[in-house]
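Comments concern the structure below.
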Amino acid sequence: QVQLVESGGGLVQPGGSLRLSCSASGSSFSIYAMGWYRQAPGKQRELVATVTSYGSTNYADSVKGRFTISRDNSKKNTVYLQMNSLKPEDTAVYYCWNSGNSWGQGTQVTVSS
């Protein structure tokens, strides 16, 4: 099974930016759709963005125009989430996902002044 490891979370002020990375082990990275989900305290996990194996993207309405998902199918086997214009309501644990139903351990993003 593919292992996913996230990095890049942290504390940022409202209006700031962060870039999350998710590195995948294994040689079949390019065949999977990849995505980011998030879970805020007391709330259900929700979809943030996905990218298919050929690069088609999809975003939650709440992040459209602010977040960008991308992937590198070369040796890096990595998917990224560029988050701009961050808001306090973006605070959550962000999880990397693939369509083989693998999940990362999560990385905390906190938006606060």
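Thr110 places no side-chain N or O within 3.5 Å of a backbone atom of Thr91 that could act as its donor or acceptor partner. Judged purely by atom type and a 3.5 angstrom limit, Glu6 has no side-chain atom pairing as donor or acceptor with the backbone of Cys22.
The minimum heavy-atom distance between Ser112 and Pro14, with the atom names listed, is C-CD, 3.6 Å. Residues Leu18 and Val12 come closest through the heavy atom pair CD1-CG1, 4.0 Å. The two residues Trp36 and Val79 come nearest to each other via the heavy atoms CZ2-O, 3.8 Å. Of all the heavy atoms in Met83 and Tyr94, the pair that sits closest is SD-CE2, 3.9 Å. Of all non-hydrogen atoms in Val2 and Ala24, the two that sit nearest each other are CG1-CB, 3.9 Å. The shortest heavy-atom contact between Gln82 and Ser17 is NE2-CB, 4.0 Å.
Leu4 has its side chain within reach of Met34: a pair of non-hydrogen atoms, C-beta onward, lies under 4.5 Å apart. Between Thr107 and Ser7 there is no side-chain heavy-atom pair separated by less than 4.5 Å. Between Trp103 and Cys96 the shortest side-chain heavy-atom distance does not fall below 4.5 Å. Side-chain contact between Leu86 and Phe67 is present, with at least one heavy-atom pair separated by less than 4.5 Å. Between Val109 and Leu20 the shortest side-chain heavy-atom distance falls below 4.5 Å.
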side-chain contact (heavy atoms from CB on, under 4.5 Å), that's the test. Do Asp90 and Arg38 meet it? Break it down for me. CA-CA 9 Å; Asp90 294 318; Arg38 67 186 181 187; 3.0 Å; yes
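The neighbour count for Glu89 CD, taken as heavy atoms of other residues, nucleotides or ligands under 6.0 Å away, is above 12. Atom CD of Gln3 has 12 or fewer heavy atoms from other residues, nucleotides or ligands within 6.0 Å.
Under a cutoff of 6.0 Å and an axis angle of 45°, Arg45 and Trp97 do not form a cation-pi pair.
Screening Val51, Thr52, Thr68 against Thr57 for a side chain to side chain contact (heavy atoms under 4.5 Å, CB included) leaves a single residue, Val51.
Linking Ile, Leu, Val, Met, Phe, Trp and Tyr residues whenever their side-chain heavy atoms come within less than 4.5 Å leaves Tyr59 and Tyr95 in two separate clusters. Residues Val93 and Leu47 share a single hydrophobic cluster, defined by chaining ILVMFWY side chains whose heavy atoms lie under 4.5 Å apart.
With rounding to the nearest 0.5 Å, the separation of OH in Tyr32 from CG in Asn101 is 10.5 Å.
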